[in-house]
Amino acid sequence: MGDRAKHPIIIGITGNIGSGKSTVAALLRSWGYPVLDLDELAARARENKKAELKRLFPEAFAGEELDRRALAQLVFSDPERLKALEDLLHPEVRRLLAEELARIKAPLIFLEIPLLFEKGWEAHLDGTLLVAAPVEERVRRVVARSGLSREEVLARERAQMPEEEKRKRATWVLENQGGLKELEEGLREILARIQERFGLS
(Lines give C-alpha, C1' and ligand atoms only; values in the text may rest on other atoms or scores of the structure.)
Protein backbone atom coordinates (compact mmCIF):
# COMPACT_ATOMS: atom_id res chain seq x y z
CA MET A 1 0.00 0.00 0.00
CA GLY A 2 2.61 2.53 -0.98
CA ASP A 3 6.07 3.66 0.10
CA ARG A 4 7.31 1.39 2.86
CA ALA A 5 9.25 4.28 4.46
CA LYS A 6 5.99 6.12 5.14
CA HIS A 7 3.25 3.51 5.28
CA PRO A 8 2.57 0.48 7.47
CA ILE A 9 2.31 -3.11 6.32
CA ILE A 10 -1.40 -3.95 6.02
CA ILE A 11 -2.55 -7.57 6.29
CA GLY A 12 -6.15 -8.68 5.70
CA ILE A 13 -7.71 -11.36 7.92
CA THR A 14 -10.56 -13.39 6.47
CA GLY A 15 -12.31 -16.74 6.72
CA ASN A 16 -15.68 -18.28 5.98
CA ILE A 17 -18.49 -18.33 8.52
CA GLY A 18 -17.45 -19.98 11.80
CA SER A 19 -13.75 -20.08 10.95
CA GLY A 20 -12.64 -18.10 14.00
CA LYS A 21 -11.41 -14.92 12.29
CA SER A 22 -12.91 -12.74 15.04
CA THR A 23 -11.07 -14.81 17.66
CA VAL A 24 -7.83 -14.28 15.75
CA ALA A 25 -8.54 -10.54 15.55
CA ALA A 26 -9.18 -10.46 19.32
CA LEU A 27 -5.90 -12.29 19.99
CA LEU A 28 -3.97 -9.83 17.84
CA ARG A 29 -5.57 -6.90 19.68
CA SER A 30 -4.69 -8.45 23.03
CA TRP A 31 -1.06 -8.70 21.88
CA GLY A 32 -0.99 -5.01 21.01
CA TYR A 33 -1.54 -5.08 17.24
CA PRO A 34 -4.03 -2.62 15.72
CA VAL A 35 -6.94 -4.43 14.06
CA LEU A 36 -9.65 -2.62 12.11
CA ASP A 37 -13.01 -4.36 11.53
CA LEU A 38 -14.47 -3.57 8.11
CA ASP A 39 -17.95 -4.56 9.33
CA GLU A 40 -17.71 -1.80 11.98
CA LEU A 41 -16.65 0.71 9.33
CA ALA A 42 -19.55 -0.42 7.13
CA ALA A 43 -21.96 0.16 10.04
CA ARG A 44 -20.58 3.70 10.45
CA ALA A 45 -20.92 4.24 6.69
CA ARG A 46 -24.58 3.17 6.80
CA GLU A 47 -25.22 5.61 9.64
CA ASN A 48 -23.42 8.45 7.85
CA LYS A 49 -25.40 7.78 4.67
CA LYS A 50 -28.74 7.06 6.33
CA ALA A 51 -30.63 9.83 4.50
CA GLU A 52 -29.41 8.61 1.11
CA LEU A 53 -30.18 5.01 2.06
CA LYS A 54 -33.73 5.95 3.04
CA ARG A 55 -34.24 7.72 -0.28
CA LEU A 56 -32.94 4.71 -2.27
CA PHE A 57 -34.46 1.94 -0.13
CA PRO A 58 -37.48 3.36 1.75
CA GLU A 59 -39.01 -0.10 2.17
CA ALA A 60 -35.96 -1.14 4.26
CA PHE A 61 -36.82 1.39 6.96
CA ALA A 62 -39.21 1.27 9.89
CA GLY A 63 -39.50 4.96 10.71
CA GLU A 64 -35.93 6.21 11.01
CA GLU A 65 -34.45 2.77 11.74
CA LEU A 66 -32.81 0.74 8.99
CA ASP A 67 -33.76 -2.96 8.94
CA ARG A 68 -30.52 -4.56 7.72
CA ARG A 69 -32.21 -7.89 7.02
CA ALA A 70 -34.85 -6.21 4.86
CA LEU A 71 -32.13 -4.26 3.04
CA ALA A 72 -30.20 -7.47 2.37
CA GLN A 73 -33.31 -9.15 0.96
CA LEU A 74 -33.89 -6.17 -1.34
CA VAL A 75 -30.41 -5.98 -2.82
CA PHE A 76 -29.28 -9.58 -3.07
CA SER A 77 -32.13 -10.48 -5.38
CA ASP A 78 -31.60 -7.37 -7.54
CA PRO A 79 -28.13 -6.73 -9.03
CA GLU A 80 -28.99 -3.14 -9.96
CA ARG A 81 -30.05 -2.25 -6.43
CA LEU A 82 -27.01 -4.05 -5.01
CA LYS A 83 -24.78 -1.91 -7.24
CA ALA A 84 -26.61 1.23 -6.08
CA LEU A 85 -25.98 0.24 -2.46
CA GLU A 86 -22.30 -0.50 -3.09
CA ASP A 87 -21.84 2.73 -5.07
CA LEU A 88 -23.21 4.64 -2.07
CA LEU A 89 -21.41 2.86 0.76
CA HIS A 90 -18.06 1.68 -0.63
CA PRO A 91 -16.54 5.16 -1.10
CA GLU A 92 -17.60 6.06 2.45
CA VAL A 93 -16.08 2.85 3.84
CA ARG A 94 -12.83 3.62 1.99
CA ARG A 95 -12.86 7.18 3.36
CA LEU A 96 -13.37 5.97 6.93
CA LEU A 97 -10.65 3.35 6.47
CA ALA A 98 -8.19 5.95 5.19
CA GLU A 99 -8.97 8.11 8.24
CA GLU A 100 -8.35 5.21 10.62
CA LEU A 101 -5.11 4.18 8.88
CA ALA A 102 -3.82 7.76 9.03
CA ARG A 103 -4.58 7.88 12.76
CA ILE A 104 -2.73 4.65 13.65
CA LYS A 105 1.03 4.89 14.11
CA ALA A 106 2.22 1.29 13.84
CA PRO A 107 4.43 -0.66 11.42
CA LEU A 108 1.90 -3.51 11.07
CA ILE A 109 -1.89 -3.18 10.89
CA PHE A 110 -4.51 -5.89 10.39
CA LEU A 111 -7.90 -5.51 8.70
CA GLU A 112 -10.69 -8.00 9.47
CA ILE A 113 -12.56 -8.36 6.16
CA PRO A 114 -15.22 -11.13 5.92
CA LEU A 115 -15.60 -10.87 2.10
CA LEU A 116 -11.96 -10.05 1.37
CA PHE A 117 -11.54 -12.23 -1.72
CA GLU A 118 -15.16 -11.90 -2.87
CA LYS A 119 -14.75 -8.10 -3.09
CA GLY A 120 -11.18 -8.03 -4.43
CA TRP A 121 -9.59 -6.42 -1.38
CA GLU A 122 -6.38 -8.44 -1.79
CA ALA A 123 -5.27 -6.00 -4.52
CA HIS A 124 -5.03 -3.26 -1.87
CA LEU A 125 -3.22 -5.26 0.82
CA ASP A 126 0.34 -6.39 1.51
CA GLY A 127 -0.80 -9.91 2.36
CA THR A 128 -3.79 -12.02 3.39
CA LEU A 129 -4.31 -14.36 6.34
CA LEU A 130 -7.03 -17.00 5.95
CA VAL A 131 -8.40 -18.61 9.11
CA ALA A 132 -9.54 -22.07 8.02
CA ALA A 133 -11.42 -25.02 9.53
CA PRO A 134 -13.41 -28.00 8.19
CA VAL A 135 -16.93 -27.04 7.16
CA GLU A 136 -18.61 -29.39 9.67
CA GLU A 137 -16.62 -27.87 12.52
CA ARG A 138 -17.52 -24.36 11.38
CA VAL A 139 -21.23 -25.22 11.07
CA ARG A 140 -21.19 -26.74 14.59
CA ARG A 141 -19.64 -23.57 16.06
CA VAL A 142 -22.13 -21.23 14.41
CA VAL A 143 -25.19 -23.32 15.30
CA ALA A 144 -24.00 -23.46 18.93
CA ARG A 145 -23.47 -19.72 19.30
CA SER A 146 -26.14 -18.18 17.06
CA GLY A 147 -29.32 -20.20 17.20
CA LEU A 148 -29.28 -20.54 13.40
CA SER A 149 -30.21 -23.91 11.98
CA ARG A 150 -27.68 -26.10 10.18
CA GLU A 151 -29.47 -25.36 6.90
CA GLU A 152 -29.28 -21.58 7.49
CA VAL A 153 -25.56 -21.77 8.21
CA LEU A 154 -24.92 -23.88 5.11
CA ALA A 155 -26.91 -21.36 3.01
CA ARG A 156 -24.59 -18.61 4.23
CA GLU A 157 -21.59 -20.81 3.53
CA ARG A 158 -22.75 -21.36 -0.06
CA ALA A 159 -23.05 -17.59 -0.53
CA GLN A 160 -19.32 -17.22 0.17
CA MET A 161 -16.36 -18.22 -2.01
CA PRO A 162 -15.40 -21.84 -1.22
CA GLU A 163 -12.69 -22.15 1.42
CA GLU A 164 -10.57 -24.27 -0.92
CA GLU A 165 -10.42 -21.39 -3.40
CA LYS A 166 -9.46 -18.99 -0.62
CA ARG A 167 -6.66 -21.34 0.45
CA LYS A 168 -5.15 -21.01 -3.02
CA ARG A 169 -5.32 -17.21 -2.90
CA ALA A 170 -4.23 -16.54 0.68
CA THR A 171 -0.66 -15.55 1.57
CA TRP A 172 -0.87 -17.45 4.87
CA VAL A 173 -3.37 -20.08 6.10
CA LEU A 174 -4.00 -20.48 9.83
CA GLU A 175 -5.62 -23.83 10.65
CA ASN A 176 -8.22 -23.58 13.44
CA GLN A 177 -9.23 -27.16 14.21
CA GLY A 178 -8.03 -27.47 17.80
CA GLY A 179 -8.32 -25.37 20.92
CA LEU A 180 -7.30 -21.83 21.72
CA LYS A 181 -3.75 -22.86 22.67
CA GLU A 182 -3.14 -24.41 19.24
CA LEU A 183 -4.65 -21.35 17.55
CA GLU A 184 -2.37 -19.02 19.52
CA GLU A 185 0.70 -21.10 18.62
CA GLY A 186 -0.20 -21.12 14.93
CA LEU A 187 -0.86 -17.39 14.94
CA ARG A 188 2.47 -16.61 16.62
CA GLU A 189 4.23 -18.70 13.98
CA ILE A 190 2.56 -16.76 11.16
CA LEU A 191 3.34 -13.44 12.87
CA ALA A 192 7.01 -14.42 12.91
CA ARG A 193 6.83 -15.18 9.18
CA ILE A 194 5.13 -11.84 8.47
CA GLN A 195 7.76 -9.96 10.45
CA GLU A 196 10.56 -11.82 8.69
CA ARG A 197 9.09 -11.22 5.22
CA PHE A 198 8.72 -7.47 5.73
CA GLY A 199 11.79 -6.88 7.88
CA LEU A 200 9.81 -5.94 10.99
CA SER A 201 11.37 -6.37 14.41
Side-chain angles (χ1 to χ4, degrees), residues 1 10-22 24-25 35-101 110-133 135 138-139 141-143 145-171:
M1 262 192 160
I10 301 177
I11 305 296
I13 304 168
T14 196
N16 278 20
I17 188 168
S19 63
K21 59 185 175 295
S22 295
V24 168
V35 183
L36 297 175
D37 182 347
L38 229 68
D39 276 352
E40 288 182 8
L41 295 181
R44 285 168 54 190
R46 286 192 297 273
E47 187 62 30
N48 292 350
K49 298 293 183 179
K50 183 182 275 189
E52 292 96 324
L53 278 172
K54 191 169 185 181
R55 190 175 69 250
L56 286 170
F57 306 101
E59 60 271 60
F61 279 79
E64 292 304 309
E65 288 305 308
L66 172 65
D67 183 335
R68 285 184 59 197
R69 180 173 287 184
L71 179 63
Q73 289 172 342
L74 287 173
V75 301
F76 288 121
S77 60
D78 187 333
E80 286 189 11
R81 299 195 87 182
L82 177 59
K83 184 177 186 305
L85 178 65
E86 292 178 341
D87 287 349
L88 174 65
L89 294 183
H90 285 187
E92 181 67 4
V93 170
R94 286 193 292 271
R95 186 188 70 78
L96 292 169
L97 177 58
E99 277 185 2
E100 292 293 327
L101 291 174
F110 292 89
L111 303 184
E112 185 182 351
I113 310 176
L115 298 178
L116 190 160
F117 293 112
E118 287 89 342
K119 298 298 183 182
W121 273 93
E122 67 268 35
H124 308 288
L125 302 167
D126 295 296
T128 55
L129 169 56
L130 174 69
V131 186
V135 64
R138 292 190 284 107
V139 169
R141 290 172 187 165
V142 178
V143 168
R145 75 179 185 220
S146 70
L148 293 171
S149 70
R150 172 183 165 81
E151 290 70 28
E152 287 173 317
V153 178
L154 286 172
R156 295 187 184 195
E157 168 73 13
R158 286 191 293 271
Q160 296 183 306
M161 184 184 292
E163 188 181 89
E164 280 310 306
E165 179 61 26
K166 292 182 181 181
R167 283 178 179 271
K168 296 173 189 173
R169 299 188 184 200
T171 317

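No experiment lies behind these values; they were computed from the predicted model shown.
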*Is there side-chain contact between Asn48 and Leu96, with heavy atoms separated by less than 4.5 Å?*
yes

_Min side-chain heavy-atom separation Val139-Glu157 under 4.5 Å_ = no

*Distance, nearest 0.5 Å, that separates CD1 of Ile113 from CG of Leu129*: 11.5 Å

*If you draw a 6.0 Å radius around CD in Glu59, do more than 12 non-hydrogen atoms from other residues or ligands fall strictly inside?*
yes

*About how many Å separate CZ of Phe57 and CG of Leu66, when rounded to the nearest 0.5 Å?*
10.0 Å

*Looking at Lys50 and Glu47, does any basic side-chain N land under 4.0 Å from a carboxylate oxygen?*
yes

_Residues forming a side-chain hydrogen bond (donor to acceptor under 3.5 Å, both in side chains) with Arg46, sequence neighbours excluded_ = none

_Please determine whether the number of non-hydrogen atoms from other residues, nucleotides or ligands lying under 6.0 Å from atom CZ of Arg68 exceeds 12._
no

*Please round to the nearest 0.5 Å and tell me the distance separating atom NZ of Lys168 and atom CD of Glu164.*
7.5 Å

_N/O donor-acceptor pair under 3.5 Å between Glu152 side chain and Ser149 backbone_ = yes

*Lys/Arg N to Asp/Glu carboxylate O, Glu92 vs Arg95, below 4.0 Å*: yes

*Rounded to the nearest 0.5 Å, how far apart are CG of Leu74 and CG of Leu56?*
11.0 Å

_Arg138 (side chain) donor-acceptor with Ala133 (main chain) under 3.5 angstrom_ = yes

_Counting C-beta onward and ignoring hydrogens, is there a side-chain heavy-atom pair between Thr14 and Trp121 closer than 4.5 Å?_
no

*Going from CG on Leu36 to CG on Leu101, what distance comes out if it is rounded to the nearest 0.5 angstrom?*
6.0 Å

_Side chains of Ile13 and Val131, heavy atoms from C-beta outward: is any pair under 4.5 Å?_
yes

*Please tell me if the side chains of Leu111 and Leu116 come closer than 4.5 Å, counting only heavy atoms from C-beta onward.*
no

*Thr171 side chain near Ile11 side chain, heavy-atom distance below 4.5 Å*: no

*Under a 4.5 Å cut-off applied to non-hydrogen side-chain atoms, are Leu130 and Arg167 in contact?*
yes

*Judged by atom type as modelled, is there a donor-acceptor pair below 3.5 Å linking the side chain of Arg150 to the main-chain atoms of Val143?*
no

_Heavy-atom pair of closest approach, residues Glu112 and Pro114_ = O-CD, 3.8 Å

_What I'd like to find out is whether the side chain of Arg94 reaches to under 4.5 Å of the side chain of Leu97, using heavy atoms alone._
no

*Where the side chain of Glu118 meets the backbone of Met161, is there a donor-acceptor pair that is under 3.5 Å apart?*
yes

*asked:* Working to the nearest 0.5 angstrom, can you tell me the gap between Leu71 CG and Leu53 CG?
replied: 6.5 Å

_Under a 3.5 Å distance rule, please check whether Asp67 uses its side chain to pair with a backbone N or O of Ala60 as donor and acceptor._
no

*Hey, is NZ on Lys83 packed in by over 12 heavy atoms from elsewhere, all under 6.0 Å?*
no

*Criterion side chain to side chain donor-acceptor pair (under 3.5 Å) against Asn16, the qualifying member of Glu163, Lys166, Lys21, Arg156*: Lys166

*Hey, is CD on Glu99 packed in by over 12 heavy atoms from elsewhere, all under 6.0 Å?*
yes

_Exercise: identify the closest heavy-atom pair between Lys54 and Gly63_ = NZ-O, 3.0 Å

